[in-house]
K.L.:
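Let me begin by handing over the structure; questions about it come next.
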Protein chains: 2
Amino acid sequence: MSVQLEGRLANPDRMARPDFCPIERTFKVVGTRSAMLLLREAAYGTTRFDDFVRRAGLTETVASSRLRELVDAGLLTKEPYREPGQRTRYEYVLTPAGADLMPTLVALAAWGAEHLPHQPSPSYAHAGCGAPVAARIECAAGHAVTMDQLVASA
Amino acid sequence: MSVQLEGRLANPDRMARPDFCPIERTFKVVGTRSAMLLLREAAYGTTRFDDFVRRAGLTETVASSRLRELVDAGLLTKEPYREPGQRTRYEYVLTPAGADLMPTLVALAAWGAEHLPHQPSPSYAHAGCGAPVAARIECAAGHAVTMDQLVASA
DNA sequence: CGGCATCCTGTATGATACTG
DNA sequence: CAGTATCATACAGGATGCCG
């Protein structure tokens, strides 16, 4: 059984155009290991530079430039805040656009958990029922979509 | 409204360990632009080397080494086939493991289509009803899972 | 057609040291 | 704490040419 979309594209070759494919455009913004790890940390609630560096296991240099890029791209905001009696600090917080990337992160995590088993490994579950989660393709009408039901159009 | 998992992790710092995070492990395998583009083409039904090169817009060198890596990682198979009277050729076909990565590709594509608009851009829809598709997080019990219902455990 | 060999550039990342 | 500056390494990717 091969999983294909053969014949469903009017002109597959047009997909080759560099900035035409949304996958490629997305990869331009978050296609680095460091960006993904920083977004993972932001989703976990990390907001401070030092915590990003330590928890994502990045150097300050990498974390600094990548965080700036993510802020510029609108995935994170850098906001000043001041607790009473403390100096001003900055916190990095996910924007709605950044939060929209979470299905992607979950999809990556679910694939790795299933196909690249490793001990120990964190797993992700539904708080309501405890069942493990995965990403699925669904249409706006709520139907589950399998690969052979997926069509692309320009 | 911030989308966070704050406090849901027993020890966020443990996530920093290099090969502990499934996102990072997955990225080791498919964390390059070329790998994603080749998998996209495989999903579109591309099977021959030359078509991969042209449609993904890669050089032969890159396509060659990346295809080999994807075969070694079990995402593609390289199989000989021979049409009557023709010489033996090879075709690259998605394995079930490779097909399992499709939700990830759709998630990346959906994010780019929404947040990095570009004309023209292909869109993806459900063949059955024509509605656009997106990746959704779902638990094994079939419940839709929102970010704040997502828990991680080691 | 389906590659491999070679050379080259850009960038992602790391290591270390320093600053306000 | 939150970075910047500098140096060094590894790898992705492009360009060109050759081969069975």
Side-chain angles (χ1 to χ4, degrees), chain A residues 13 16-19 21 23-24 27-42 46-73 76-83 85-93, chain B residues 13 16-19 21 23-42 46-73 76-83 85-93:
Chain A
D13 284 339
R17 286 162 55 171
D19 51 357
C21 172
I23 296 173
E24 201 164 352
F27 232 69
K28 265 284 193 195
V29 180
V30 294
T32 60
R33 169 177 157 272
S34 53
M36 290 293 187
L37 295 181
L38 289 171
L39 289 171
R40 177 200 69 187
E41 284 310 318
T46 299
T47 62
R48 283 161 57 175
F49 184 82
D50 233 44
D51 289 331
F52 278 111
V53 168
R54 197 178 66 266
R55 292 178 182 163
L58 302 169
T59 61
E60 293 98 334
T61 311
V62 171
S64 175
S65 55
R66 202 69 58 237
L67 282 171
R68 184 181 10 245
E69 287 175 17
L70 291 173
V71 169
D72 290 346
L76 297 175
T77 55
K78 181 182 184 178
E79 310 231 353
Y81 72 100
R82 178 194 296 254
E83 292 173 7
Q86 303 286 318
R87 68 184 174 91
T88 298
R89 295 178 189 283
Y90 292 93
E91 59 177 0
Y92 297 88
V93 181
Chain B
D13 284 340
R17 285 162 57 173
D19 52 358
C21 172
I23 297 173
E24 201 164 352
R25 299 204 303 277
T26 302
F27 231 70
K28 265 284 193 196
V29 180
V30 294
T32 61
R33 168 178 157 273
S34 53
M36 290 292 186
L37 296 181
L38 290 171
L39 289 171
R40 177 200 69 185
E41 285 309 318
T46 299
T47 62
R48 284 163 54 178
F49 183 82
D50 236 43
D51 290 332
F52 278 112
V53 168
R54 198 178 67 265
R55 292 179 181 162
L58 302 169
T59 61
E60 293 98 334
T61 311
V62 171
S64 173
S65 56
R66 203 67 62 235
L67 283 171
R68 184 181 13 245
E69 287 174 18
L70 291 172
V71 168
D72 289 347
L76 297 176
T77 56
K78 180 183 184 178
E79 311 228 354
Y81 72 101
R82 177 194 296 255
E83 294 175 5
Q86 302 287 318
R87 67 186 176 89
T88 299
R89 297 177 187 282
Y90 293 93
E91 59 176 0
Y92 296 89
V93 181

K.L.:
Can you tell me how far P of D:dA10 sits from NZ of B:Lys28, to the nearest Å?
P.N.:
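About 13 Å, once rounded to whole Å.
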K.L.:
Side chain of B:Asp50 only, heavy atoms from C-beta on: which candidate in D:dA2, D:dG3, C:dG2 is closest?
P.N.:
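Closest of the options to the side chain of B:Asp50: C:dG2.
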K.L.:
Quick check for you: among D:dA2, C:dA12, C:dC1, whose closest atom lies nearest to any side-chain atom of A:Arg66?
P.N.:
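For the A:Arg66 side chain, the nearest candidate turns out to be C:dA12.
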K.L.:
Apply side-chain contact (heavy atoms from CB on, under 4.5 Å) to the pair B:Lys28 and B:Arg25, showing each step before the final yes or no.
P.N.:
CA-CA 5 Å; B:Lys28 265 284 193 196; B:Arg25 299 204 303 277; 5.7 Å; no
K.L.:
Closer than 4.0 Å, any side-chain N/O of A:Lys78 to the OP1 or OP2 of D:dG3?
P.N.:
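The answer is yes; a side-chain N or O of A:Lys78 sits under 4.0 Å from OP1 or OP2.
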K.L.:
Which distance, rounded to the nearest 0.5 Å, do you find between the CD of B:Glu69 and the OG1 of B:Thr32?
P.N.:
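Between atom CD of B:Glu69 and atom OG1 of B:Thr32 there are 7.0 Å.
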K.L.:
Return the value, rounded to whole Å, for the distance between atom CG of B:Leu38 and atom P of D:dG13.
P.N.:
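Checked: the CG to P distance equals 9 Å.
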K.L.:
Hey, does the side-chain of A:Ser64 have a donor or acceptor N/O within less than 3.5 Å of a partner on the base of D:dA2?
P.N.:
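Checked by distance alone, the answer is no.
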K.L.:
Measuring from the side chain of A:Glu60 (C-beta onward, heavy atoms only), which nucleotide among C:dC1, D:dG3, D:dG13 has the closest atom?
P.N.:
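So the side chain of A:Glu60 is nearest to D:dG3.
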K.L.:
I need the CZ-C1' distance between B:Arg68 and C:dG3, as an integer number of Å.
P.N.:
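Whole-Å distance recorded here is 9 Å.
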K.L.:
Using a cut-off of 4.0 Å on non-hydrogen atoms, how would the nucleic acid contact of B:Tyr92 be classed: base, sugar-phosphate, or nothing?
P.N.:
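Result for B:Tyr92 = sugar-phosphate.
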K.L.:
Return the CG to CZ distance between A:Leu39 and A:Phe52, rounded to the nearest 0.5 Å.
P.N.:
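Answer for the CG-CZ pair, A:Leu39 versus A:Phe52, is 8.5 Å.
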K.L.:
To the nearest Å, how far apart are A:Phe49 CZ and C:dT19 P?
P.N.:
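In whole Å, C:dT19 P lies 17 Å from A:Phe49 CZ.
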K.L.:
Find the distance B:Phe27:CZ to D:dC11:P and express it as a whole number of Å.
P.N.:
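Going from B:Phe27 (CZ) to D:dC11 (P), I get 16 Å.
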K.L.:
Could you tell me the separation between the CG atom of B:Leu67 and the P atom of C:dC1, rounded to a whole number of Å?
P.N.:
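Value for this atom pair: 16 Å.
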K.L.:
Answer with yes or no whether A:Ser65 presents, from its side chain, a donor or acceptor under 3.5 Å of a partner atom in the base of C:dA12.
P.N.:
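Looking at the base of C:dA12, it does not pair with any donor or acceptor on the side chain of A:Ser65 (distance under 3.5 Å).
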K.L.:
Given C:dA12, is OP1 or OP2 found less than 4.0 Å from the side-chain N or O atoms of A:Arg33?
P.N.:
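No, no such contact exists.
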K.L.:
Check the distance between C:dT13's C1' and A:Met36's CE and give it to me in whole angstrom.
P.N.:
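Answer to the nearest Å: 17 Å.
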K.L.:
Closest to the B:Arg87 side chain: C:dC1, D:dG14, D:dA2?
P.N.:
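My answer, after comparing the listed nucleotides, is C:dC1.
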K.L.:
Select from A:Ser34 and B:Thr61 the residue whose nearest nucleotide in DNA chain C is closer to the 5' end of that strand.
P.N.:
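Result of the comparison: B:Thr61.
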K.L.:
Out of C:dC1, D:dA2, D:dG13, which has the shortest distance to the side chain of B:Arg89?
P.N.:
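So the side chain of B:Arg89 is nearest to C:dC1.
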K.L.:
Send over the distance from B:Tyr81 OH to C:dC1 P, rounded to a whole Å.
P.N.:
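The answer, rounded to whole Å, is 11 Å.
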K.L.:
Nearest to the A:Thr59 side chain among C:dG14, D:dG13, C:dG2, which nucleotide is it?
P.N.:
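Nearest to the side chain of A:Thr59 among the choices is C:dG14.
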K.L.:
In Å, rounded to the nearest 0.5 Å, how long is the span from CD of A:Glu41 to CG of A:Leu67?
P.N.:
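One finds 11.0 Å between CD of A:Glu41 and CG of A:Leu67.
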K.L.:
Would you say the side chain of B:Leu70 lies within less than 4.5 Å of the side chain of B:Val30, judging by non-hydrogen atoms?
P.N.:
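Touching, per the 4.5 Å side-chain cut-off.
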